[in-house]
Amino acid sequence: MIINLNFESEVPIYLQLRNEIVIGIGKGEFIQGEGIPTVRQMAEDLGINPMTVNKSYGLLKREGFITIDRRHGAKVNLLSGGKLEFKEKLEEDLNLVISEASIKGVKKEEFMDMCENIFSLMKCVSLDSK
């Protein structure tokens, strides 16, 4: 998996790393139970501080995207719970994104096409297509 970080962005590096890993999981670049690089290895590969990677991994663990075991390291966790809480957060996030898109002149059809295109790239999608 290629992780792209923008050191000029206002988005903190730890959050960019978290987002890149979530996108990788969504696209099927990681599978259930697959190990991800150690904090030290990831920091070295990306040229960032290990504490930054540690903060990302902690966030991913709290959100249920990975599990961390001292003996076996960090592994992808696709079987996480908390669906109701996630749906509430998703609705909040979508409200903001749709508001921004609307203000910038993106039409509903364009927005929905973008969503369909991105959704089609996801490999671990478990949502009903109803």
Side-chain angles (χ1 to χ4, degrees):
M1 174 183 175
I2 297 173
I3 293 178
N4 296 308
L5 301 176
N6 180 354
F7 295 98
E8 303 300 319
S9 173
E10 292 184 19
V11 177
I13 297 298
Y14 81 92
L15 197 51
Q16 291 182 49
L17 177 57
R18 176 256 181 222
N19 294 345
E20 287 286 307
I21 292 172
V22 170
I23 290 169
I25 293 169
K27 288 184 174 179
E29 294 173 9
F30 294 107
I31 59 171
Q32 173 64 29
E34 181 178 353
I36 59 175
T38 64
V39 168
R40 186 175 309 191
Q41 185 63 53
M42 182 70 81
E44 187 177 302
D45 290 349
L46 298 174
I48 60 176
N49 189 307
M51 291 303 292
T52 302
V53 177
N54 195 47
K55 191 170 183 177
S56 295
Y57 281 18
L59 185 56
L60 289 163
K61 180 182 177 187
R62 279 191 305 280
E63 294 173 336
F65 292 111
I66 65 172
T67 58
I68 299 176
D69 178 320
R70 289 181 188 251
R71 292 176 292 160
H72 298 74
K75 295 184 187 237
V76 174
N77 180 30
L78 301 178
L79 308 174
S80 63
K83 196 172 186 177
L84 180 60
E85 293 85 6
F86 174 74
K87 283 185 175 183
E88 290 171 357
K89 179 187 179 309
L90 178 61
E91 190 169 343
E92 283 179 27
D93 292 348
L94 282 172
N95 190 23
L96 177 60
V97 169
I98 292 168
S99 295
E100 290 174 347
S102 177
I103 291 166
K104 296 295 184 176
V106 176
K107 302 290 183 221
K108 179 181 178 182
E109 297 77 25
E110 290 177 280
F111 184 85
M112 296 307 287
D113 286 344
M114 283 186 235
C115 290
E116 282 292 327
N117 291 336
I118 294 168
F119 207 76
S120 70
L121 297 173
M122 300 300 130
K123 303 290 188 227
C124 70
V125 175
S126 63
L127 299 174
D128 294 331
S129 57
K130 296 177 183 176

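Residues: numbered from 1 along the sequence shown.
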Quick check: do [X] and [Y] have side-chain heavy atoms less than 4.5 Å from each other?
X: K61; Y: T67; value: no
X: I48; Y: L5; value: yes
X: E100; Y: I103; value: no

Straight-line distance of [X] [atom1] to [Y] [atom2], nearest 0.5 Å:
X: E116; Y: L121; atom1: CD; atom2: CG; result: 11.0 Å
X: I98; Y: C115; atom1: CD1; atom2: SG; result: 7.0 Å
X: K27; Y: E29; atom1: NZ; atom2: CD; result: 6.0 Å

*How about M114: does its CE atom have over 12 heavy atoms from other parts shown lying under 6.0 Å from it?*
yes

_For K75 and I36: C-alpha separation, side-chain torsions, deciding distance, then whether side chain to side chain contact (heavy atoms under 4.5 Å, CB included) applies._
CA-CA 6 Å; K75 295 184 187 237; I36 59 175; over 6 Å; no

Check whether any side-chain N or O of [X] sits under 3.5 Å from a backbone N or O of [Y] as a donor-acceptor pair, and report yes or no.
X: Q41; Y: T38; result: no
X: Q16; Y: V11; result: yes
X: N95; Y: E91; result: no
X: E34; Y: V76; result: no

*Shortest non-hydrogen contact between A74 and I68, atoms and distance*: CB-CG1, 4.1 Å

_Nearest non-hydrogen partners of R71 and D69, listed with the distance_ = N-OD1, 2.7 Å

Hey, quick one: are [X] and [Y] part of the same hydrophobic cluster, counting side-chain heavy atoms closer than 4.5 Å, chains of contacts allowed?
X: I21; Y: Y14; value: no
X: F7; Y: L17; value: yes
X: I25; Y: V39; value: yes
X: M42; Y: L59; value: no
X: L60; Y: I23; value: no

